[in-house]
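Note sheet for the following structure.
Every value quoted in this text rests on a predicted model; they were computed, and no experiment measured them.
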Amino acid sequence: MTQLVTTEEMQELDQYTMTTIGLSEDVLIERAALAALDVLGAGAYDLSNVLVLVGLGNNGADGIALARLLHQLHIPVSLQFVGNANKAKPAVKHQLQIAEACGVPRSEKSDFKQASLIIDAIFGTGLNKDLPDGLQKMVKAANHIESTVVALDLPTGVNGTTGQIMGAALKAKTTISFGFIKAGVTKNPGKKSAGQVLVKDIGIVVPEDFQFSIKEQ
Ligand SMILES: NC(=O)C1=CN([C@@H]2O[C@H](COP(=O)(O)OP(=O)(O)OC[C@H]3O[C@@H](n4cnc5c(N)ncnc54)[C@H](O)[C@@H]3O)[C@@H](O)[C@H]2O)[C@H](O)CC1
Ligand SMILES: [K+]
């Protein structure tokens, strides 16, 4: 049996885990990154040149933490920001400081063809409007050359609740869902963008009286 969630429910559970239970955001980000590392380390991906595309929210923070973990294992990896890093959420800036202190390389321009694997850490459950035009173009270019993409939590551009495409969406080979599978990756067209969907525990706590809006499947 699988429990699906809407993005609003996931956000509520993230908040409950942090504010009521007291697990820090850093712990959740580190667990998300470790969970993704676990998937990448299983041998199904070419890790010879990993490019992590990083957005300005906590999905990006997960990606930066993952890049650091890969770098510490001597796996060639670089980080590329999508958007202005100065406008990033505090968790992203914090992860970036740590990554920089560890010497994780940053690339300014992406060459998708050179990357053996692209990690999509641009948008997750926070996506609430269509992708900006520039990003839509970038997404379409990456899809066009059929890069191998592993999406963290959600493929960028997929509405996590409805499965709608918000302007454009990255086509992933695998989507690693943190805590619970978001309903949007089970409904087309989002389902097609998500590829194989895996779910990984990151320590999210569910209150006893929590009512999920979607029945277990
Ligand atoms: N919050 C937690 O406790 C944890 C979250 N995890 C990961 O974080 C993401 C959700 O992070 P969040 O910061 O809420 O959102 P995003 O990173 O998806 O988006 C960032 C930010 O961008 C703004 N925004 C939304 N849509 C657009 C748009 N079309 N154009 C420009 N800007 C946009 C909006 O303000 C968003 O907040 C979740 O998926 C997980 O990957 C952890 O795993 C750990 C705990
Ligand atoms: K993502």
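A donor-acceptor contact under 3.5 angstrom links the side chains of Ser213 and Glu9, judged on distance only. Looking at Ser116 and Tyr45, their side chains never bring a donor and an acceptor atom within 3.5 Å of each other. Of the N and O atoms on the side chains of Glu25 and Asn58, at least one donor lies less than 3.5 Å from an acceptor on the other residue.
The pair Glu146-Lys171 does not meet the salt-bridge criterion, since no charged nitrogen lies less than 4.0 angstrom from a carboxylate oxygen.
Looking only at side-chain heavy atoms (C-beta outward), Leu13 and Phe210 come within less than 4.5 Å of each other. Side-chain contact between Ser177 and Val197 is present, with heavy atoms from C-beta onward closer than 4.5 Å. For the pair Asp26/Leu28, no side-chain contact is recorded, criterion being any heavy-atom separation below 4.5 Å from C-beta on. In this structure, Lys182 and Val5 have side chains that are in contact, with non-hydrogen atoms separated by less than 4.5 Å. Counting only heavy atoms from C-beta outward, the side chains of Thr2 and Val199 never approach each other to under 4.5 Å. Looking at Asp120 and Leu53, their side chains never come closer than 4.5 Å, going by heavy atoms from C-beta outward. Phe178 is not listed as a side-chain neighbour of Arg31, based on a closest heavy-atom distance of 4.5 Å or more. A 4.5 Å side-chain heavy-atom check between Leu135 and Phe123 finds at least one atom pair inside the cut-off.
Across all non-hydrogen atoms, the minimal contact from Val150 to Leu117 is CG2-CD1, 3.8 Å. Taking both residues in full, the closest heavy atoms of Gly83 and Leu56 are given as C-CD2, 4.1 Å, listed atom of the first, atom of the second, then distance.
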Does the pair Glu100 and Arg68 meet the rule for a salt bridge (charged side-chain N to carboxylate O under 4.0 Å, His left out), with working shown?
CA-CA 9 Å; Glu100 278 172 355; Arg68 166 175 40 86; over 6 Å; no
Chi angles and distances behind the side-chain contact (heavy atoms from CB on, under 4.5 Å) call for Thr7, Leu127
CA-CA 9 Å; Thr7 53; Leu127 183 72; over 6 Å; no
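For the pair Ser147 (side chain) and Val149 (backbone), a donor-acceptor distance under 3.5 Å is absent.
Linking Ile, Leu, Val, Met, Phe, Trp and Tyr whenever their side-chain heavy atoms come within less than 4.5 Å puts Leu198 and Ile204 in one cluster.
Between Phe180 and Phe212, a ring centre-to-centre spacing shorter than 6.0 Å is recorded.
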